[in-house]
Amino acid sequence: MNLSTTTHENGNLNDDHRLNMDQVRVDPKWALRVPANLAIRRKLLPFTVENEHVLVACQDDSDIAGIQAVQRYLSLPVVASVAEPQSLTRAINRIFVDPAQTIGTSGNPARVNLQPNAPNSFDIEGDDVVNLGDEIFHAALIQQATDIHIEPEQNTVRIRVRVDGKLEDYRSIPKSIHSALISRLKVLGGMDIAERRAPQDGRFTLGKDKQKMVDVRAATIPTKHGERMTMRLLAPHSQDLTLEKLGMLDQDLELLNSKIEKPNGLILLTGPTGCGKSTTLYAAIRKLVACRAPNVITIEDPVEYVIDGTSQVEVDSADKVSFHKALRSVLRHDPDVLMIGEIRDEETAEIAIKAALTGHLVFTTLHTSSAADSVTRLIDMGVRPFLLSTVARLFMAQRLVRRLCPYCRVPVAMTDEQAKYLHQPQMAGTRIFAAAGCKYCANNGYHGRTGLFELLPVERESREITNTSADSLINSICQTSSQHGTLITDAAEKLRLGITSFDEIAMVVG
């Protein structure tokens, strides 16, 4: 959609614009305060706050009775926003109809119906802890959150969710129900509810539809004000996971495709926790499975997405499937493609190199700050440079940055200081974009995330290196890869294209 036709110069939406609710980020703090039957019957959905007013999506802003009915459930005055009818129906269904999921654990067949209309304020005398837990999960799923944090403080308990990499407050609950809520979640996760002084880990599954189930990893730790719990939400099925949707520029995508089509070698992704490494690996494997149906075996801790056509081994020491045991035996199963979730130590590195040397295509990850640093890290783990130069095909670093909302981004000129910060002085004065805030993005200026990538291919010249020096190998790789950009150059191009903002780049890339 053309930006100029949907925004004023200040970034605000035109008043006569009909909302496309497929693109609107709905805030569950307001949506879940309205009973489902009212939202479905009257086609009304509170979705965000703007200027101390709750915006309510509707098909007809002359439905005064319906709007007044919604007002009774909200603490702020409301303003009607006309939405495209079909997209509004889909949004209401996503929130009040489709999420009729269930909560349970893999070890306990008991299931509890999820109640999307759990009250948003609780009477301490009659709290329904089950409904409260279900409401928290439901809100997180609406926002496509990756984590839920339950953080006890001195007088209250703060609940936050991580959306697009940022922690956002969802609500606070009375301290009096903290223990009951933690116990409820411990039961779901198969943890000991009597143990409150030691950290614990657990897991369970949300959902009964196999295509929509969400795996939950829960962890508790004792703090001064009580037990803190963090839950990671993992969507095991993702049919839309493709390389083309990761945010790579065309030349980077072409290079990655050429490397994963090789019959053997090592492809290594690097970056901090939560930068999207596993997502990229899954997308690459899905493409391989679709193109040539190889024998693919993965070893993961945990399995984050289920990829049809692969054998995925999940590490679980309780079931005697340790990381090292799986690694030592996996080559006996004749894989064409092997994915190792993470190189953790010398033994893992040795097996990855051995697999690549014996004719397998190996995908794996490592925690370093850049693609070149991963070469040094592997050599520090005992991998000899000439072996690494023989098997390596591609070193790739990545980060995740938030996408600017296309409906309200504001054009600005890059300052001299910003250009120098990016080591791109020639970009001073270039038009880039900054965040503003609108109805579509819940007034935070961003919606979704995209990747920043640095690809360092290992070409023939580098593979012929026999010198035992790590520096000579790194220099050779960098010299033969000078035509490929760094994280900063990729970030600069995405600034120029209006995909993200300078503030995001500065915070994520540094």
Side-chain angles (χ1 to χ4, degrees), residues 19 21-33 45-50 54-55 57 91 94-95 98-99 101 114 116 120 133-151 157-173 206-207 212 214-219 228-236 238 240-241 245-247 272-279 304-305 398-409 435-452 499-501 503-505 507-508:
L19 288 171
M21 294 301 292
D22 294 332
Q23 304 297 325
V24 169
R25 180 180 170 187
V26 177
D27 188 340
K29 289 194 297 287
W30 302 102
L32 296 182
R33 295 194 183 192
L45 180 64
F47 64 93
T48 193
V49 170
E50 185 177 79
V54 179
L55 302 187
R94 282 198 305 270
I95 293 169
D98 293 341
Q101 302 191 50
L114 196 140
N120 213 273
D134 292 353
E135 179 208 329
I136 293 169
F137 286 123
H138 186 57
L141 294 175
I142 290 173
Q143 294 182 284
Q144 296 181 321
T146 56
D147 301 89
I148 300 171
H149 296 257
I150 301 176
E151 305 166 350
V157 179
R158 180 168 62 166
I159 298 174
R160 298 195 289 175
V161 296
R162 189 176 296 277
V163 180
D164 292 340
K166 304 297 179 183
L167 277 175
E168 298 182 359
D169 287 328
Y170 172 60
R171 61 175 299 167
S172 294
I173 62 173
L206 302 176
K212 296 181 180 179
V214 176
D215 203 20
V216 180
R217 297 290 189 272
R228 172 194 171 114
M229 177 174 280
T230 301
M231 292 175 284
R232 182 80 187 271
L233 307 181
L234 304 172
S238 182
D240 295 330
L241 196 61
K245 294 183 179 181
L246 299 178
T273 300
C275 72
K277 300 185 298 294
S278 297
T279 301
E304 296 187 32
Y305 302 95
Q398 73 177 77
R399 303 288 190 274
L400 287 177
V401 292
R402 290 184 294 174
R403 280 182 170 270
L404 283 168
C405 173
Y407 293 94
C408 64
R409 60 182 187 175
C438 68
K439 300 175 183 178
Y440 276 90
C441 60
N443 289 300
N444 67 16
Y446 299 92
H447 197 164
R449 289 194 288 178
T450 191
L452 300 178
I499 295 173
T500 190
S501 69
D503 289 342
E504 273 293 291
I505 299 299
M507 182 167 53
V508 173

Closest approach of [X] to [Y] (non-hydrogen atoms, all atoms of both residues):
X: Pro46; Y: Val26; result: O-CG1, 4.3 Å
X: Pro28; Y: Ile142; result: CB-CD1, 4.0 Å
X: Leu45; Y: Ala91; result: CD2-CB, 4.0 Å
X: Arg402; Y: Thr500; result: O-OG1, 2.8 Å
X: Gly274; Y: Arg449; result: O-NH1, 4.2 Å
X: Ala145; Y: Val163; result: CB-CG2, 4.1 Å

What I want to find out is whether Arg33 reaches Asp27 closely enough, with some N-O distance under 4.0 Å, to be called a salt bridge.
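So Arg33 does not pair with Asp27 through a salt bridge.
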Electrostatic pair Arg25-Glu168, nearest N-O below 4.0 angstrom:
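A salt bridge links Arg25 with Glu168.
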For residues [X] and [Y], determine if any side-chain heavy atom of one lies less than 4.5 Å from a side-chain heavy atom of the other.
X: Arg403; Y: Ile499; answer: yes
X: Cys408; Y: Lys439; answer: no
X: Leu246; Y: Gln398; answer: no
X: Phe137; Y: Val214; answer: no
X: Ile150; Y: Met231; answer: yes
X: Val216; Y: Leu233; answer: yes
X: Val401; Y: Ile505; answer: yes
X: Tyr407; Y: His447; answer: no

Could you measure the distance from the [atom1] atom of [X] to the [atom2] atom of [Y]? Nearest 0.5 Å is fine.
X: Leu167; Y: Asp169; atom1: CG; atom2: CG; value: 8.5 Å
X: Thr230; Y: Glu151; atom1: OG1; atom2: CD; value: 7.0 Å
X: Thr146; Y: Asp164; atom1: OG1; atom2: CG; value: 8.5 Å
X: Leu404; Y: Thr450; atom1: CG; atom2: OG1; value: 11.0 Å

Test side-chain contact (heavy atoms from CB on, under 4.5 Å) on Ile95 and Leu32 and set out the steps.
CA-CA 8 Å; Ile95 293 169; Leu32 296 182; 4.0 Å; yes
Checking side-chain polar atoms at under 3.5 Å, does Tyr446 have a donor or acceptor matched by the opposite partner on Ser501?
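Judged by distance alone, the side chains do pair up.
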Just checking, is any N or O donor in the side chain of Arg158 or His149 under 3.5 Å from an acceptor N or O on the other one?
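No, no side-chain donor-acceptor contact under 3.5 Å.
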Has Asn443 got a side-chain atom pairing as donor or acceptor with Val49's backbone, closer than 3.5 angstrom?
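At least one qualifying donor-acceptor pair exists.
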Going through the checks in order, is the side-chain contact (heavy atoms from CB on, under 4.5 Å) test met by Leu19 and Tyr440?
CA-CA 8 Å; Leu19 288 171; Tyr440 276 90; 3.6 Å; yes
